[in-house]
Amino acid sequence: MTQLNTPYPSTAYLTGFLRSRGVAAFQEDLALALVLKLLSPDGLTRLRPLAEAVPERRRSATLHAFLAEFDRYHATIGRVIAFLQGRDPTLAHRINTRGYLPEGPRFQSLDNYVDDEGGDPLSWAFGALGLQDRARHLATLYLNDLADVLKQAVDPRFEFVRYAESIAASQHSFDPLAEALAAPPNLIDTTLAALTLDAVQRHQPDLVLLSVPFPGSVYAALRIAQTIKAHHPTVRIGLGGGFVNTELRELAEPRLFDFVDFVTLDAGERPLLALLEHLAGARPTEQLVRTFVRDETGAVRLTRHPEPDVPFEHVGTPTWDGLPLHDYLSLLDMLNPMNRLWSDGRWNKLTVAHGCYWRKCSFCDVSLDYISRYEAASAAELADRIEAIVKETGQTGFHFVDEAAPPKVLRALAHELIQRQLGISWWGNVRFEKSFTPELCQLLADSGCIAISGGLEVASDRLLQLMKKGVSVEQVARVTRAFSDAGILVHAYLMYGFPTQTVQDTVDALEYVRQLFENGCIQSGFFHRFACTVHSPVGLDPTAYGVTLQPLPAGGFAKNDVAFIDPTGVDHDALGKALKKAIYNFMHGIGLDADVRSWFDVRVPKPTVGRHRIAKALTSPSGAR
């Protein structure tokens, strides 16, 4: 499970590549198919007896509401899904009456938005004319109530995005997954199994490839594999994707191969070409490329036959052929203006360059291929791919999914897009570096850029230097203001809990963030807790960052996050609540004049940052371009 509004791009890239090499390849999004099957009149009918079977004393308010209002849920679910798919936009008027949909506990969150005079609780977010947005938000709350019913009546691990994530993420032992996969199948499992068998029957494959980008995709992927093995034992199965590339690099767990036959690392094009030759009898196992197999003795081994990767310019154009592009759900869950781009609307996802041109940040997996191997395509090649995708999908919205899109490539691409008059809308991730001048920001806006996200991380020059971000807070202020002045929405990724970060660092960082909002540099942001990974510079050389890593548990399965001891002893969890509360309010223009210490429940020191530091940076001669 990744997103419900748009396909994850890995299958589109690999399908396009394999077809360019003459391979008959087809793709399926069983995550979307599963949700649409569960959230249908028939799906709710099958869910009802399971909810009724929950003992009365254990029924939550969500279950009570579902059972009490079942007839309304059953009557409205099909129409709500059609509305979220864009098939029935006039339903927004009924939804906005607040009398059409049954409203479970998720709707209680709207009470937080009621103004002092008891007015419209959503007017602050959507205004008087936001008819569609308002209705999509209400419809999303309705679906979230139903997801809670599935969680409480069927599977406590169920999530739309992170299904059963906890039994896969950084799990050194395969035991939790093995136990879950050996358990009797529930409603969700049997629904997914039926969808799997239908897809296999339609396509009659010799080889099935399962892409698992995140831990929340692993359990369902292995349920798919389990179903195929039980009913079509001759079909071979390969596993790859972001989760494999980061967490299974030291795989030694033979039980995984009861479900899959091959596990490939990093960019999939070259390993798949080798695998296809192997299955055709033209290449021995010893010449597979970055591929784990289980040998005759039952041991897991990795074959690393040295062959160059397919150059990024030659991977071909991704294709969405076979995916039900008109069935995806345009949700509006979080009202954060950048986060809504992730879930609202269908975006064609495209990579401008492979890897990261900077690849120095100490918190990032810079030692791994998806970061360390940087390759860019020409602007003409990228524009050709964009034209082909628009022609195929009819959609002109693009999300560039790079770790950090290179400014040089973006400049050339912008000129190409403008020259061809392609008229697309696009957004993506960048480093807030000085190359993004006001002139370049305006050029990007003219080419269709609507939003940019970037890592400010800890807004502290000392910690930014320790992180090797290659930027300063004042530089970030000038760059983000240039984007904002060009009419581009700016979102800042923020971090807390970095090694040696003190309470003073945290308070100062929040003061910087307050000023960035106050001065119109950023419009959106999110604080996340730093996590140390074994592949990052911090994980590889913890003493250089003043921390001590805790020993990893024994096991031969996943390995990624690693706990550490920071001598500062700061309670970052307590501080994190204040940071998230503050930035939520900043995004809505609330509390920008207040002392940042007022957001904390514990006593914290006064900021050492002057209250007009960012304003001075924006007007100082050193900031002139």
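Of the residues listed (Val23, Thr291, Leu14, Val310), the one engaging Leu272 in a side chain to side chain contact (heavy atoms under 4.5 Å, CB included) is Leu14, and it is the only one. Test Glu403, Lys469, Met467 against Cys361 for side chain to side chain contact (heavy atoms under 4.5 Å, CB included) and you get one pass: Lys469.
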Next on the checklist: Before you tell me yes or no, could you show the steps for Phe398 and Trp347 under ring pair (Phe, Tyr, Trp, His ring centres under 6.0 Å), namely the whole-Å CA-CA distance, both residues' side-chain angles and the distance that decides it to 0.1 Å?
Outcome noted: CA-CA 5 Å; Phe398 283 79; Trp347 300 94; 8.9 Å; no

Item to check | Working for salt bridge (charged side-chain N to carboxylate O under 4.0 Å, His left out), residues Asp266 and Arg249 | outcome: CA-CA 10 Å; Asp266 301 327; Arg249 304 196 73 85; 2.9 Å; yes

Next on the checklist: Go through it in stages, so that I can follow the logic: the residues are Trp427 and His399, the test is ring pair (Phe, Tyr, Trp, His ring centres under 6.0 Å), and I'd like the CA-CA distance, side-chain angles, deciding distance and then a yes or no.
Outcome noted: CA-CA 5 Å; Trp427 56 288; His399 175 200; 3.8 Å; yes

Item to check | Leu192 vs Ile224, side chain to side chain contact (heavy atoms under 4.5 Å, CB included): CA-CA, chis, key distance, verdict | outcome: CA-CA 7 Å; Leu192 181 59; Ile224 291 169; 3.9 Å; yes

Item to check | side chain to side chain contact (heavy atoms under 4.5 Å, CB included) between Ile237 and Phe262, worked out | outcome: CA-CA 6 Å; Ile237 302 175; Phe262 309 97; over 6 Å; no

Next on the checklist: Run the side chain to side chain donor-acceptor pair (under 3.5 Å) test on Asn560 and Thr246 for me, step by step, so that the C-alpha distance in whole Å, both residues' side-chain angles and the decisive distance to 0.1 Å come before the verdict.
Outcome noted: CA-CA 7 Å; Asn560 192 38; Thr246 54; 4.7 Å; no

Item to check | Candidate pair Glu296 and Arg301, rule salt bridge (charged side-chain N to carboxylate O under 4.0 Å, His left out), full reasoning | outcome: CA-CA 11 Å; Glu296 299 79 7; Arg301 58 191 179 93; 5.2 Å; no

Checklist entry - What do the steps show when you test Glu28 against His203 for side chain to side chain donor-acceptor pair (under 3.5 Å), and what is the final call? => result CA-CA 10 Å; Glu28 292 275 341; His203 298 300; 2.7 Å; yes

Checklist entry - Checking side chain to side chain contact (heavy atoms under 4.5 Å, CB included) for the pair Phe498/Ser362: CA distance, chi angles, key distance, verdict? => result CA-CA 10 Å; Phe498 192 76; Ser362 56; 3.5 Å; yes

Item to check | Chi angles and distances behind the salt bridge (charged side-chain N to carboxylate O under 4.0 Å, His left out) call for Lys151, Glu159 | outcome: CA-CA 7 Å; Lys151 178 182 290 189; Glu159 298 278 356; 2.7 Å; yes

Checklist entry - Would Tyr493 and Phe527 satisfy side chain to side chain contact (heavy atoms under 4.5 Å, CB included), going step by step from the backbone distance to the final call? => result CA-CA 7 Å; Tyr493 291 113; Phe527 274 102; over 6 Å; no

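Between the side chain of Asp295 and the main chain of Gly298, a donor-acceptor pair closer than 3.5 Å is present. Although no hydrogens or angles enter the test, the distance criterion places a donor-acceptor pair under 3.5 Å between the side chain of Glu392 and the main chain of Trp320. Between the side chain of Thr15 and the main chain of Ala12, no donor-acceptor pair closer than 3.5 Å is present. In this structure a side-chain-to-backbone donor-acceptor pair under 3.5 Å is present from Tyr13 to Thr351.
Between the side chains of Thr303 and Gln287, no donor-acceptor pair is found at a separation under 3.5 Å. For the residue pair Asn429/Arg431, the side-chain donor-acceptor check at 3.5 Å is not satisfied. Under 3.5 Å, the side chains of Thr568 and Gln501 contain no donor-acceptor pair of N or O atoms. For the residue pair Asp29 / Tyr8, no side-chain donor-acceptor distance below 3.5 Å is found, with atom types taken as modelled. Checked by atom type, the side-chain pair Tyr163/Asp155 shows a donor-acceptor distance below 3.5 Å. Between Asp321 and Thr319, the side chains place no donor N or O within less than 3.5 Å of an acceptor N or O (distance only, hydrogens not considered). Side-chain contact check for Lys559 and Gln171: no donor-acceptor pair (N or O, by modelled atom type) lies under 3.5 Å. A side-chain donor-acceptor contact under 3.5 Å links Arg373 and His354.
Arg19 forms a cation-pi arrangement with Phe26, by the criterion of a distance under 6.0 Å to the ring centre and an angle within 45° of the ring axis. By the 6.0 Å and 45° rule, Arg157 stacks over the aromatic ring of Tyr219. The cationic group of Arg385 lies under 6.0 Å from the six-membered ring centre of Phe312 and within 45° of the ring axis, placing it in a cation-pi geometry.
A salt bridge is absent between Arg270 and Asp309: the closest approach of a Lys/Arg side-chain nitrogen to an acidic carboxylate oxygen does not fall below 4.0 angstrom. We find that Arg294 and Asp261 are not joined by a salt bridge, their nearest charged nitrogen and carboxylate oxygen being 4.0 Å or further apart. Arg236 and Asp206 are not joined by a salt bridge, as no carboxylate oxygen comes within less than 4.0 angstrom of a charged side-chain nitrogen. Using a 4.0 Å cut-off between charged side-chain N and carboxylate O, Asp198 and Arg202 make a salt bridge.
Across Phe243 and Ala558, no two heavy atoms sit closer than the pair CZ-CB, 4.2 Å. In terms of heavy-atom proximity, Leu275 sits nearest to Leu288 at CA-CD2, 3.9 Å.
Heavy-atom neighbours of Gln465 CD from other residues, nucleotides or ligands within 6.0 Å: at or below the threshold of 12. Residue Lys229 qualifies as enclosed at atom NZ: its count of foreign heavy atoms under 6.0 Å is above 12. More than 12 heavy-atom neighbours from other residues, nucleotides or ligands sit within 6.0 angstrom of CZ on Arg255.
Aromatic rings of Phe530 and Phe564 (six-membered ring for Trp) have centroids within the 6.0 Å cut-off, being under it.
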Between side-chain atoms of residues 179-186 and protein atoms elsewhere (two or more places apart, or another chain), which donor-acceptor pairs fall under 3.5 Å?
residue : atom : partner : partner atom : Å
Asn186  : OD1  : Ile188  : N            : 2.9
Asn186  : OD1  : Asp189  : N            : 2.9

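In this structure, Phe158 and Phe160 have perpendicular ring planes: the angle between them is above 60°, well past the 30° mark.
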